[in-house]
Amino acid sequence: MSKIKLAILASGSGSNAEAIMKWAATSDLAEVVCVGCNKKAAMVISRAEIFNIPKFTVLKRKKETRESFDERMTKSLSEYKPDWIILAGYMRLLTEDFLKHFKYQVINIHPSLLPMFPGLDGYGDAFKAGVLESGCTVHYVDAGLDSGEIIDQCKFPLIPGESFEDFKRRGLAIENKFYPEVLEKFFKGFV
Ligand code: GAR
């Protein structure tokens, strides 16, 4: 049986992208066919190189509309014929045309227990709000802000007295384990 083709999109460090590439490297279910990035010199690019995965960058042009940017991103991604687009710290909202092109087969991880704390700084907003429990959410992507249907969530308590940096580091490490586990279950049809 042929493997499910995953394209990863990321904007930064790419620790989640790396965790997914590591999982896929030994999976008989899925393979990562490319890593796309919207930032120059993002660390995710060197992580893709280590795994020998084709990578490309699409940079926003001055005054470019979201529609035009996503059209160029769609073109670059389409060369690899992905079945699913996996967002891993990709910090842009996607247009309806992009989602339609990929048949709404787009998944993201967000650093909060959605619908709480959508947006750019899930951990920061949860920490500032003084919550006792936080977590991360794997969800379908729609054209809204972290508003797509939830696939699975992982909760973890805040440790009393923990600094924000430690909380975020712990959260990211949990994401790195959780995201590939959810994808494995998702593509097997278990979640
Ligand atoms: C992760 O915490 C991810 O959940 C978050 O960005 C970080 C990327 O880290 N994504 C969002 O906030 C999306 N709204 P990484 O580059 O090391 O994977």
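Just so you know, ligand 1 is whichever comes first in the structure, and atom 1 is the first atom listed for that ligand.
- In this structure, L114 is not a member of the same hydrophobic cluster as Y140, with clusters built from ILVMFWY side-chain heavy atoms closer than 4.5 Å.
- In terms of polar-atom proximity, Y90 is not counted as a contact of ligand 1, lacking any N or O under 3.5 Å from an N or O of the ligand.
- Side-chain N/O atoms of T137 and Q153 include a donor and acceptor closer than 3.5 Å.
- In this structure, M91 is part of the shell of residues with a heavy atom less than 4.0 angstrom from ligand 1.
- Distances between N or O atoms of Y123 and those of ligand 1 include no value under 3.5 Å.
- Residues L87 and I150 do not share a hydrophobic cluster, clusters being chains of Ile/Leu/Val/Met/Phe/Trp/Tyr side chains in contact below 4.5 Å.
- With a 4.0 Å heavy-atom cut-off, ligand 1 is reached by no atom of L87.
- H101 and S78 share a side-chain donor-acceptor pair at under 3.5 Å.
- The nearest protein atom to atom 14 (N) of ligand 1, hydrogens excluded, is given as H110 ND1, 3.2 Å; this is a heavy-atom distance.
- Under the 30°/60° scheme for interplanar angles, the aromatic rings of Y123 and F156 are found to be tilted.
- Note: an N/O pair closer than 3.5 Å links E175 and ligand 1 by distance alone.
- A side-chain contact (heavy atoms from CB on, under 4.5 Å) with L183 is found for one member of I151, V191, I20, L29 and no other, namely I20.
- The cationic group of R92 lies under 6.0 Å from the six-membered ring centre of F69 and within 45° of the ring axis, placing it in a cation-pi geometry.
- Near N16, meaning under 4.0 Å from one of its heavy atoms, ligand 1 places the atoms 1 (C), 18 (O).
- For an aromatic pair to be called close, the ring centres must be under 6.0 Å apart, and W84 with F102 fails this.
- With respect to atom 17 (O) of ligand 1, the closest heavy atom belonging to the protein is S15 OG, 2.6 Å.
- Every atom of ligand 1 is numbered from 1 in the order shown, and the set under 4.0 Å from a heavy atom of L172 is 1 (C), 2 (O), 9 (O), 17 (O).
- Under a 4.0 Å heavy-atom criterion, G14 is in contact with ligand 1.
- Of all protein heavy atoms, the one lying nearest to atom 12 (O) of ligand 1 is P111 CD, 3.3 Å.
- Defined by atom type and a distance below 3.5 Å, a donor-acceptor pair is present between the side-chain atoms of S13 and R47.
- Applying the 4.0 Å criterion to heavy atoms of S13 picks out, from ligand 1, the atoms 16 (O), 17 (O).
- For the residues G89, G119, S112, G171, the heavy atom positioned nearest atom 6 (O) of ligand 1 is part of G89.
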